[in-house]
Amino acid sequence: MKSLQAVRGMNDILPGDTWQWHALESVVREVLNQYGYNEIRMPILEKTELFKRSVGEVTDIVEKETYSFADRNNEDLTLRPEGTAGCMRAGIENGLFHNQTQRLWYMGPMFRHERPQKGRYRQFHQVGVEAIGFAGAEIDAEMLLLCQRLWQRLGMAEDVRLELNSLGSAATRQPYRDALVKYFKQHESTLDEDSVRRLDRNPMRILDSKNPEMQAVIAGAPQLSDYWDDEAREHFTQLCNLLDGLGVAYQVNPRLVRGLDYYDYTVFEWVTDQLGAQGTVCAGGRYNGLVAQLGGRDTPAVGFALGVERLLELLPEATRANMAAPSPWCYCIAMDDAGQESVMRISETLRQAYPERIIMTHCGGGSPKSKFKRADKSGAELAIVIGSEELADASVSLKWLREEREQERISQANLVQYLAKI
Ligand code: HAM
């Protein structure tokens with residue numbers, strides 16, 4: 001029978017790789033804890049309406065990338081393409097934003113029906129970070145410091161750079177949009193197919209085009225910053241001043257817009273040149289209007305998400321080397337069936353005494369030779385062996401697998417104490 005395969009663009013994360021995921025996740029957790037963020041876990045499925053109202057109906061994500069379906073009750077549901085919408089929905093629904101600020105994070109799979117390629121998958125993983133209830137630029141700066149600390153902890157600070165822009169307030173975006181449409185309509189003959197499609201629906205995304213032939217016409221387009229109001233200008237200046245003072249390097253990119261509709265004011269991306277076309281490892285910005293748009297009170301917020309697969313891809317060798325699967329300390333073997341219960345009891349005693357150590361017990365029988373081969377292959381330092389003699393006098397034999405050292409015979413009663421001295 002033909003064997004089945006995973007859905008295209010959805011990857012198994014295999015046992016050889018999960019240790020790296022764990023290590024990365026634990027560094028991320030540590031850094032988030034340092035800044036006082038609390039984890040929130042939302043469902044993976046949400047009502048389709050949520051993403052239409054937040055990410056935006058005419059964005060690429062909602063228009064052509066969501067996994068949406070009617071469930072058995074004919075309810076329109078969508079596998080989350082991102083986490084901000086669900087996080088805000090959960091916060092509003094559970095009263096987390098009433099008269100209080102929140103620093104929240106989440107981690108997990110997201111789903112977008114994009115064309116799969118290296119660094120772009122249909123199921124991918126994000127760590128999302130959201131700060132709700134803070135209007136000032138200092139929290140934007142703190143978030144970027146947090147990112148920078150994370151890159152430093154992962155040994156990759158040199159591999160990413162920060163691009164920054166402000167979209168201005170929602171109120172000033174409409175006049176800017178109108179000016180942009182007017183300008184691009186005047187140059188319609190030079191636009192590529194994608195941009196013509198975007199012209200009426202999402203003209204700001206034209207600025208984001210990677211098509212080299214579009215760059216000249218984009219360069220002549222009206223500048224967002226000419227449309228900022230005083231508040232937007234002040235917010236952005238404050239942020240830049242803080243970053244300058246705190247030593248966070250950035251480049252203002254006046255063409256940086258984002259593919260989701262909810263942003264206003266600050267937007268940013270951490271990008272790398274090392275991952276080809278999928279060079280954005282982390283991206284986010286302010287979304288001061290979103291909570292109200294989803295039915296909550298008017299609440300400012302800012303956040304970002306990083307792509308875990310892209311981050312893992314970018315990790316330098318030195319960091320990766322510290323994230324390998326740990327080897328067992330002891331591999332415990334009964335030479336025959338009679339010793340099996342004893343060897344399992346001894347293994348439990350060792351696990352009780354050394355909770356951080358890996359103690360493996362041989363299972364599945366086999367010849368003595370094959371048992372030692374398995375012990376060696378496990379990477380363990382030490383084989384603990386019970387044969388008929390050891391069984392008879394309640395001892396074990398210690399066989400060192402990685403160093404030249406005489407085999408030893410120790411009474412079972414003294415084993416924990418003896419190993420503690422080594
Ligand atoms: P986003 O820019 O759509 O933002 O995604 C954030 C990051 O997720 C990207 O920079 C990238 O690293 C990763 N990513 C996105 N799509 C894929 C894919 N198909 N395969 C692999 N990685 C991918 C958001 O999702 C916003 N919710 C971020 C945010 C949080 N803004 C405010 N708060």
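For the numbers below, each heavy atom of this structure counts, side chains included, while hydrogens, waters and symmetry mates do not. These numbers were taken from a predicted model, which means no experiment stands behind them.
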Counting distance only, does the side-chain N/O of [X] pair as donor-acceptor with the main-chain N or O of [Y] below 3.5 Å?
X	Y	value
Tyr183	Val217	yes
Lys371	Ala334	yes
Ser26	Leu24	no
Tyr354	Ala420	yes
Asn11	Ile13	no
Thr172	Trp228	no
Thr48	Leu77	yes
Asn202	Thr59	no

Can you tell me if [X] has over 12 outside heavy atoms packed within less than 6.0 Å of its [atom1]?
X	atom1	result
Asp298	CG	no
Glu403	CD	yes
Asn94	CG	yes
Gln100	CD	yes
Gln417	CD	no
Met323	CE	yes
Glu234	CD	no

Return the [atom1] to [atom2] distance between [X] and [Y], rounded to the nearest 0.5 Å.
X	Y	atom1	atom2	answer
Leu256	Leu207	CG	CG	10.0 Å
Leu350	Cys332	CG	SG	6.0 Å
Arg351	Trp329	CZ	CH2	12.5 Å

Ion pair check, [X] and [Y], cut-off under 4.0 Å:
X	Y	answer
Arg233	Glu231	no
Lys373	Asp376	no
Arg89	Glu46	yes
Asp273	Arg161	yes
Arg122	Glu65	no
Asp200	Lys185	yes
Arg310	Glu313	no
Asp140	Arg286	yes

Which pair of heavy atoms, one from Pro328 and one from Met360, lies closest together, and at what distance?
-> CG-SD, 3.5 Å
Hey, mind stepping through Arg345 and Glu348 against salt bridge (charged side-chain N to carboxylate O under 4.0 Å, His left out) and telling me if it holds?
-> CA-CA 5 Å; Arg345 188 175 310 108; Glu348 284 302 305; over 6 Å; no
Is there side-chain contact between [X] and [Y], with at least one heavy-atom pair below 4.5 Å?
X	Y	value
Arg201	Glu63	yes
Val396	Leu398	yes
Val385	Val343	no

May I have the step-by-step check of salt bridge (charged side-chain N to carboxylate O under 4.0 Å, His left out) for Arg103 and Glu39, ending in yes or no?
-> CA-CA 9 Å; Arg103 283 175 165 89; Glu39 187 183 3; over 6 Å; no
Check whether the side chains of [X] and [Y] place a donor and an acceptor atom closer than 3.5 Å, and report yes or no.
X	Y	answer
Asp229	Ser169	yes
Glu82	Tyr262	yes
Arg255	Asn253	no
Tyr287	Glu130	yes
Asp159	Gln274	yes
Arg120	Gln117	yes
Gln293	Arg53	no
Asp192	Asn211	yes

List for me each residue that meets side-chain hydrogen bond (donor to acceptor under 3.5 Å, both in side chains) alongside Arg177, sequence neighbours excluded, and say none if there are none.
-> none
Where do Ile40 and Leu96 land on the side-chain contact (heavy atoms from CB on, under 4.5 Å) test, with the steps shown first?
-> CA-CA 11 Å; Ile40 179 166; Leu96 301 185; 4.1 Å; yes
Residue of the set Arg112, Arg115, Arg198 for which salt bridge (charged side-chain N to carboxylate O under 4.0 Å, His left out) holds with Asp60 | Arg198
Go through the steps to decide whether Arg173 and Tyr227 satisfy the test side-chain hydrogen bond (donor to acceptor under 3.5 Å, both in side chains), and finish with yes or no.
-> CA-CA 8 Å; Arg173 273 246 289 295; Tyr227 289 78; over 6 Å; no
Go through the steps for Arg258 and Asp208 under the test salt bridge (charged side-chain N to carboxylate O under 4.0 Å, His left out), then give the verdict.
-> CA-CA 8 Å; Arg258 304 266 303 120; Asp208 213 20; over 6 Å; no
Partners of Tyr250 by ring-ring contact (aromatic ring centres under 6.0 Å, His included), sequence neighbours excluded?
-> none
